[in-house]
Amino acid sequence: MTTSSAATAAAPAAATAPASGMRGRKRERTRRAIAEAAFRLFADEGFDAVTLTRIAAAADVAPATVFTHYASKEDIFFGRRLEFEPGIAEAVRGAATGTELVERLRRACAEAVGTILAADSLPRARTFSRILLDSPSLRRSYLPLARERRDQLLAALLERAGERAADADVRDELETFASLAGAVRELGFDAVHAALAAGESAEGVREAAVAVLDRGYGRLARAYADAPFLDAG
């Protein structure tokens with residue numbers, strides 16, 4: 001193949017790259033429009049009263065398009081959760097001892113609370129918490145997410161333990177620790193949602209959450225200070 005013919009053959013692939021980028025941006029705009037339309041409806045009418053058909057109409061898309069982007073109403077509602085998740089894996093990887101691990105987990109959760117309470121996020125966060133607490137089905141859907149976060153923490157702990165993770169006793173201890181640390185995290189965010197829905201100031205919400213996190217992680221730090229299985233492998 002000559003240089004000229006090679007360039008000609010490559011041209012269609014090069015030409016499609018911008019189109020692919022445009023399709024990606026269009027897909028993201030559609031996804032965002034669906035999420036925003038849904039959130040407005042949830043805020044005005046309550047989560048349980050809103051149907052996917054209504055969401056599609058409000059977003060000016062076909063119902064099938066909603067399912068292309070989201071599996072359920074719950075998926076839409078919790079779609080931005082990763083933006084506010086604590087850096088669990090980073091906290092685990094950077095800790096040398098059990099004491100440092102607990103402190104880093106506490107700090108990661110406190111930083112996530114700070115992200116939620118940032119000035120540009122606060123009004124939406126208040127509405128999110130109100131919708132969540134007003135919907136029994138959403139509160140039930142929140143439980144699998146908590147388990148998912150627990151499992152992420154456990155996976156990071158097992159990776160950090162290295163060869164010791166093959167020991168059944170070590171795995172059991174790490175699973176227990178992950179469950180306890182996850183429970184503290186959930187209690188902290190329960191405090192966030194309750195305070196936000198009650199109309200507390202950002203500082204009041206922060207104080208309520210930090211008090212729960214400090215108390216819970218403080219107890220974990222005392223209980224696991226000398227636990228060798230929490231030292232870095």
Carefully, step by step, assess T97 and D231 under the rule side-chain hydrogen bond (donor to acceptor under 3.5 Å, both in side chains).
CA-CA 4 Å; T97 65; D231 291 340; 5.2 Å; no
Under the side chain to side chain contact (heavy atoms under 4.5 Å, CB included) rule, what do T127 and F42 come out as? Steps first, then yes or no, please.
CA-CA 9 Å; T127 304; F42 296 154; over 6 Å; no
Between V205 and L122, is a side chain to side chain contact (heavy atoms under 4.5 Å, CB included) present by the stated rule, with each step listed?
CA-CA 11 Å; V205 176; L122 186 58; 5.9 Å; no
Apply salt bridge (Lys or Arg N to Asp or Glu O under 4.0 Å) to residues R54 and E45 and explain how you reach the verdict.
CA-CA 11 Å; R54 296 267 323 281; E45 303 176 24; 2.8 Å; yes
List the steps, then state whether side chain to side chain contact (heavy atoms under 4.5 Å, CB included) holds for D48 with D134.
CA-CA 9 Å; D48 298 320; D134 284 347; over 6 Å; no
Hey, mind stepping through L101 and Y224 against side chain to side chain contact (heavy atoms under 4.5 Å, CB included) and telling me if it holds?
CA-CA 10 Å; L101 171 63; Y224 285 95; over 6 Å; no
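Atom CG of L213 sits about 9.0 Å away from atom CG of L187, to the nearest 0.5 Å. To the nearest 0.5 angstrom, L105 atom CG is 10.5 Å from E100 atom CD. We find the CG-CD distance between D167 and E173 to be 10.0 Å, quoted to the nearest 0.5 Å. Rounding to the nearest 0.5 angstrom, the gap separating the CD1 atom in I76 from the CG atom in L52 is 5.5 Å. Here L143 contributes atom CG and E148 contributes atom CD; the two are 12.5 Å apart, rounded to the nearest 0.5 Å. For the atom pair CG (L138) and CG (L133), the distance works out to 9.5 Å, reported to the nearest 0.5 Å.
In this structure, S121 contributes its side chain and L117 its backbone to no donor-acceptor pair below 3.5 Å. Remark: the backbone N or O of V92 is paired with a side-chain donor or acceptor of R160 at under 3.5 angstrom. T30 places a side-chain N or O within donor-acceptor distance of the main-chain N or O of K26, the cut-off being under 3.5 Å. T65 places no side-chain N or O within 3.5 Å of a backbone atom of V61 that could act as its donor or acceptor partner. Between the R126 side chain and the E200 main chain, a donor and an acceptor come within less than 3.5 Å of each other. Y70 places no side-chain N or O within donor-acceptor distance of the main-chain N or O of I34, the cut-off being under 3.5 Å.
Counting non-hydrogen atoms of other residues, nucleotides and ligands closer than 6.0 Å to CG of D226 gives a total of 12 or fewer. Within a 6.0 Å radius of CZ in R124, other residues, nucleotides and ligands contribute more than 12 heavy atoms. In the displayed structure, E203 atom CD is contacted under 6.0 Å by more than 12 heavy atoms of other residues, nucleotides or ligands. Annotation for D60: atom CG does not count as buried by contact number, only 12 or fewer foreign heavy atoms lying within 6.0 Å. Enclosure of atom CZ in R171 is not indicated, since only 12 or fewer non-hydrogen atoms of other residues, nucleotides or ligands lie within 6.0 angstrom.
In plain terms, the two heavy atoms of P123 and A119 that are nearest each other are CD-O, 3.5 Å. For the residue pair A108 and A91, the shortest heavy atom distance occurs at CB-CB, 4.4 Å. Closest of all the heavy-atom pairs between S129 and A197 is CB-N, 4.2 Å. Counting all heavy atoms, side chain and backbone alike, C109 lies closest to R185 at SG-CG, 3.4 Å. S141 and E74 make their closest contact through OG-CG, 3.1 Å (heavy atoms, listed as atom of the first residue, atom of the second, distance). For A209 against A191, the heavy-atom pair with the smallest separation is CA-CB, 4.2 Å.
A salt bridge does not link E111 with R107: none of the charged nitrogens is closer than 4.0 Å to a carboxylate oxygen. Residues R32 and E36 are not paired through a salt bridge, judged by the lack of any N-O separation under 4.0 Å between the basic side chain and the carboxylate. Between R106 and E103, at least one side-chain N (NZ, or NE/NH1/NH2) sits under 4.0 Å from a carboxylate O, which counts as a salt bridge. With salt bridges taken as basic N to acidic carboxylate O contacts below 4.0 Å, one links R149 and E186.
When the side chains of ILVMFWY residues are joined at heavy-atom separations under 4.5 Å, either directly or via intervening members, L132 and V212 end up in two distinct hydrophobic clusters. V210 and V113 fall into different hydrophobic clusters, where Ile, Leu, Val, Met, Phe, Trp and Tyr residues are linked whenever their side-chain heavy atoms come under 4.5 Å apart, directly or through other members.
Aromatic ring orientation, F78 versus Y142: tilted (interplanar angle from 30° to 60°).
T53 and T51 share no donor-acceptor pair across their side chains, judged by distance under 3.5 Å alone.
Taking the centre and axis of the six-membered ring of F229, the NZ or CZ atom of R164 falls outside the cone set by 45° and 6.0 Å.
Taking 4.5 Å as the limit, every side-chain heavy atom of H193 sits out of range of all side-chain heavy atoms of R130.
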